[in-house]
Number of protein chains: 2
Amino acid sequence: MSGKSVRIKDIAQKAGVSTGTVDRVIHNRGKVAEDVREKVLKIIEEMNYEPNLIARALGANKTYSLGALIPDPQADSYWLEPRAGVEKAEKALKHYGVAVKKYLFDPYDVASFQAQALALLAGAHDGVVISPVFYRESLPYFEALQQAGTPFVIFNSQISEYTPLSYIGSDLYTSGLLAGKLFHYGLPAPCTLLVAHIDERAANASHLGKKEKGFRNYFVQHHLEEQYPIVAAELDRSNMAAFIGQLDSLIEDNPRLGGIFVTTSKAYSIASYMEQRRIKHIRLIGYDLLPQNLHYLQQEQIQFLINQGPFGQGYWSVYYLAEHVILGKEIPLMKYMPLDIVTRENVNYYLPEHDEKPLLEHKVSL
Amino acid sequence: MSGKSVRIKDIAQKAGVSTGTVDRVIHNRGKVAEDVREKVLKIIEEMNYEPNLIARALGANKTYSLGALIPDPQADSYWLEPRAGVEKAEKALKHYGVAVKKYLFDPYDVASFQAQALALLAGAHDGVVISPVFYRESLPYFEALQQAGTPFVIFNSQISEYTPLSYIGSDLYTSGLLAGKLFHYGLPAPCTLLVAHIDERAANASHLGKKEKGFRNYFVQHHLEEQYPIVAAELDRSNMAAFIGQLDSLIEDNPRLGGIFVTTSKAYSIASYMEQRRIKHIRLIGYDLLPQNLHYLQQEQIQFLINQGPFGQGYWSVYYLAEHVILGKEIPLMKYMPLDIVTRENVNYYLPEHDEKPLLEHKVSL
DNA sequence: CAAATTGGTGTGTGCGCACACACTGATAAA
DNA sequence: TTTATCAGTGTGTGCGCACACACCAATTTG
């Protein structure tokens, strides 16, 4: 906090050596006499030297190439946000010599994923971020990356076979707990609850499973299992008639149904069903601020949406990767985004405003 | 996104002039022939030139001094967060030549405020951020700042007499609405609700008033006034016996009391009371993640805390001010922080982690 | 004992920009 | 005509750092 920053030059002077030598000890490159090294290190400590990362970025004049393998928002608009986050980080890091190449794949088409993953490998990047929507199919590519020594960051879906530099995503289990809490808070017992997994294939099963487990455990922890019986169902909208039929019978079979917890971002599909059937008394909680979900949140057909910070996921993935690649910094093995509880009343503060374009780089320093 | 950035040199070359001339048109300083100016401007447009703000910060080598007039966290720990935000921004901006001087005053002592405000004025800063806890008493200082042409940003409390460069805070009215929603969602009618204003002096009345208004309006908008009668009370903990007596009689007088909305950060004081009296059925919603509040949130004595992003308030105030002072950028007249709904289940994601120290400056550019 | 090697160190240049300064040619004042 | 004036422009230096290179002395090699 004391006025002027200390420069490499200052410590060189104080140590009675040249800036070159100081540079060598800072980056431990080249040869430096042991006693000199220690002396310089000590002075760096004493003077509380912090490199001017701005100048560093200028001087280094290196370029880094990163790759981002993520789903194409055209296929599923959920991915608009992560992509925007990636692009924001890209922009922020541009003048640090970082370029990010995006490889977009169709999240409903394995072949597309594989093709793009191959392209990513061929890109020979200094680091990559990946959203491994296809769990099993992505494993060989992680193997290849590991072989090549390319650092990778994973976001949105976790993977246990390979340890990435970092996982950025949300705590699925806790989000389930949270949904449980919200129902418990809002619904007097006894009351049946439905966990609906909509439109997700087996590849993502662990995803949804974790959410369901958290949800169930909320009631177990509070010894409420009997007052809040839970029913789970997998629904598929590929056949809309069947989808509606399933819902009809679920409602018929569970007269005390008080709430539906949708573990995917498709809560709107149930909201739409309920709107048509003029059902008002069933509470609905889902994930993600998709336009369709927002519509029903406004209508109060959906009570709460849990926001997993999709924008932040994209942003931090790239940002952390860059920090590691450029600065060799140790980055957190895992970063969970906040689980925002979004309602009609506070939704405005969570909607993206990517057009805002801060001018001063901030948050601390390159 | 195309590989290399275009430099001032590139556009100079393309325009057939020197970099000096380009520099002149960019900063419109000095004399430039009109036709040349236009030509350069056109090329800047065409080549989509974006100044390398990193290099700019280095080259400019200016220093800016900002002042921050904020309450002393020692007197009220709420202010730990805003101060941390200010300090984080300070750190982030340090290498851009920005220094922030803090003037801390005791938020319960007008004289202390006035003394620090005078010191702030004497500091002759390039810009200041102020949290005008003492509404009336702060007015003359805003007048003085305006006279001196010093830009100022206000945060946490709004002021209508003078227009600051920007107001950073939260939308108090909406936060009241939100609290209303949460009670309505969780409490079956009929049910009496208490709005408790604790430990705040008249100076801040508008604050609390806005929250109460939002709260009441939630029920008006939903035509629920009769099912959810609302009682308001001002409580003062300076005399604890009286405080407890007031609560006792409020509870006695309102047998259907189902929820208490505390408009200040002192929800813990009621939680503590309820704990002593072994009252469990009354729902409690308050503001701010103070340690004491967190304690009772864990105990589930408090159901929800509304978080107003105090850290972000401090951070963005300084950050925006710097953007304006350094770059002359137009900054938003008003920035509301998100109103986070915090429960026992998701509280971890909202607790501060200021120790993390990003290395790459980000978010976009100086 | 000269030449080659190697540990250890200093110097110089460039990154993209800001800014002070020097310079040119034309016009106005002397 | 000479000199001052000034609109308009180019050049050079420095910001703090990274990095290539040059350099010197103490060794080692032949």
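Between A:L333 and A:S166, every side-chain heavy-atom pair lies at or beyond the 4.5 Å cut-off. In this structure, the side chains of A:L69 and A:F152 stay at 4.5 Å or more apart for every pair of heavy atoms. Considering only heavy atoms from C-beta on, B:W79 comes within 4.5 Å of B:N156 through its side chain.
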Using the 3.5 Å cut-off, write out each protein N or O paired with an N or O of nucleotides 5-7 of chain D and the distance between them.
none

Considering only nitrogen or oxygen atoms on both sides, find all protein atoms under 3.5 Å from nucleotides 13-20 of chain C and state each distance.
from   : atom 1 : to    : atom 2 : distance (Å)
C:dC15 : O2     : A:L58 : O      : 3.2
C:dC15 : O2     : A:G59 : N      : 3.2
C:dG16 : OP2    : B:R7  : NH1    : 3.1
C:dG16 : N2     : B:A55 : O      : 3.4
C:dC17 : OP1    : B:Y49 : OH     : 2.8
C:dC17 : OP1    : B:N52 : N      : 3.1
C:dC17 : OP2    : B:I8  : N      : 2.6
C:dA18 : OP1    : B:H27 : NE2    : 2.9
C:dA18 : OP1    : B:R56 : NE     : 2.6
C:dA18 : OP1    : B:R56 : NH2    : 3.3
C:dA18 : OP2    : B:D23 : OD1    : 3.2
C:dA18 : OP2    : B:H27 : NE2    : 3.0
C:dC19 : OP1    : B:K62 : NZ     : 3.4
C:dC19 : OP2    : B:R29 : NH2    : 2.5

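Among the nucleotides C:dT9, D:dT11, D:dG8, the one closest to the side chain of A:S18 is C:dT9.
The salt bridge (charged side-chain N to carboxylate O under 4.0 Å, His left out) pairs that include a residue from residues 23-33 of chain A are A:D23-A:R29, where partners are two or more places apart or lie in different chains.
In this structure, the CD1 atom of A:I11 is 14 Å from the P atom of C:dT9, given to the nearest Å. Atom P of nucleotide D:dT9 and atom NZ of B:K39 are separated by 11 Å, given to the nearest angstrom.
Taking five base pairs at each end of the helix from C:dC1-D:dG30 to C:dA30-D:dT1 and finding the rotation axis that steps the C1' atoms of four pairs onto the next four gives two axes whose angle is 70°, to the nearest 10°.
Residues passing the ring-ring contact (aromatic ring centres under 6.0 Å, His included) test with A:Y167: none are found, sequence neighbours excluded. In terms of the side chain to side chain donor-acceptor pair (under 3.5 Å) criterion, residue partners of B:E143 (sequence neighbours excluded) are, by chain and number, B:Q147, B:Y162.
By the neighbour-count criterion of 12 heavy atoms within 6.0 Å, atom CD of B:E46 is densely surrounded, having more than that number from other residues, nucleotides or ligands. For B:E34, the CD atom is densely surrounded, since the number of other residues' heavy atoms within 6.0 Å is greater than 12.
Between A:E87 and A:K102 there is a salt bridge, since at least one side-chain N of the basic residue sits less than 4.0 Å from a carboxylate O of the acidic one.
The aromatic ring centroids of B:H125 and B:Y103 lie less than 6.0 Å from each other.
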